[in-house]
Engineer: 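Mind looking over this structure? Questions follow.
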Amino acid sequence: MKEAIAEKNTNLFLLNKSKRIIETSILQMNQLEKKVFYAHRYLGKSLVEIADELNHDYGYIRTVSAKADKKMK
């Protein structure tokens, strides 16, 4: 029982740490980076799909995505 509680506490700590990292990183992103990051990571869309939806060149969206990913670290 103690081990299960300790494991849940560890998982909760790690989730909260991840949440803080994401929240801090999102504040550093511009609007387009936020849109691309969300669509790619959370909606599962490809960069090609995102580029098409946002009427941007794939290469540009790839660069925007890379910048957003760097801000997450």
Side-chain angles (χ1 to χ4, degrees):
M1 184 70 155
K2 287 182 183 180
E3 291 174 9
I5 292 171
E7 184 176 343
K8 287 186 184 215
N9 285 338
T10 299
N11 287 339
L12 183 59
F13 171 79
L14 293 173
L15 285 171
N16 283 326
K17 183 177 177 182
S18 295
K19 182 179 177 240
R20 284 190 304 272
I21 290 169
I22 291 168
E23 288 172 342
T24 301
S25 299
I26 286 174
L27 290 174
Q28 297 173 11
M29 292 181 193
N30 66 38
Q31 285 302 107
L32 184 58
E33 289 170 337
K34 288 177 187 177
K35 286 180 185 179
V36 172
F37 177 79
Y38 180 78
H40 191 58
R41 288 275 182 100
Y42 295 103
L43 299 179
K45 294 184 178 184
S46 71
L47 296 179
V48 173
E49 291 173 313
I50 297 167
D52 186 50
E53 288 177 10
L54 298 177
N55 296 316
H56 285 289
D57 180 66
Y58 165 75
Y60 178 63
I61 292 299
R62 187 179 64 199
T63 301
V64 170
S65 179
K67 286 180 184 179
D69 286 343
K70 283 184 182 180
K71 291 178 181 178
M72 290 303 295
K73 296 180 181 182

Engineer: Can you list the steps and then say if T10 with L14 is a side-chain contact (heavy atoms from CB on, under 4.5 Å)?
Structural biologist: CA-CA 6 Å; T10 299; L14 293 173; 4.2 Å; yes
Engineer: Which pairs count as salt bridge (Lys or Arg N to Asp or Glu O under 4.0 Å) when at least one residue sits in residues 35-48, sequence neighbours excluded?
Structural biologist: R41-D69, K45-E53
Engineer: Measure the spacing between CZ of F37 and CD1 of I50 and express it to the nearest 0.5 Å.
Structural biologist: 11.0 Å
Engineer: Are M29 and Y42 connected into the same hydrophobic cluster when the rule is that any two of I, L, V, M, F, W, Y join if their side-chain heavy atoms are below 4.5 Å apart?
Structural biologist: yes
Engineer: What's the separation between atom CE in M72 and atom CD1 in I21, rounded to the nearest 0.5 Å?
Structural biologist: 7.5 Å
Engineer: Only one of K71, K70, K67 forms a salt bridge (Lys or Arg N to Asp or Glu O under 4.0 Å) with E33, so which one is it?
Structural biologist: K71
Engineer: With distance as the sole test, does N16 use its side chain to make a donor-acceptor pair with the main-chain N or O of L12 at under 3.5 Å?
Structural biologist: yes
Engineer: Tell me whether L43 is reachable from I26 by hopping between hydrophobic residues (I, L, V, M, F, W, Y) whose side-chain heavy atoms are closer than 4.5 Å.
Structural biologist: yes
Engineer: List the atom pairs, with distances to 0.1 Å, where a side-chain N or O of residues 57-64 and a protein N or O form a donor-acceptor pair under 3.5 Å, not counting sequence neighbours.
Structural biologist:
| residue | atom | partner | partner atom | Å |
| --- | --- | --- | --- | --- |
| D57 | OD2 | G59 | N | 3.1 |
| T63 | OG1 | G59 | O | 3.0 |

Engineer: I need the full list of salt bridge (Lys or Arg N to Asp or Glu O under 4.0 Å) pairs touching residues 4-20, with sequence neighbours left out, sorted by first then second residue.
Structural biologist: K19-E23
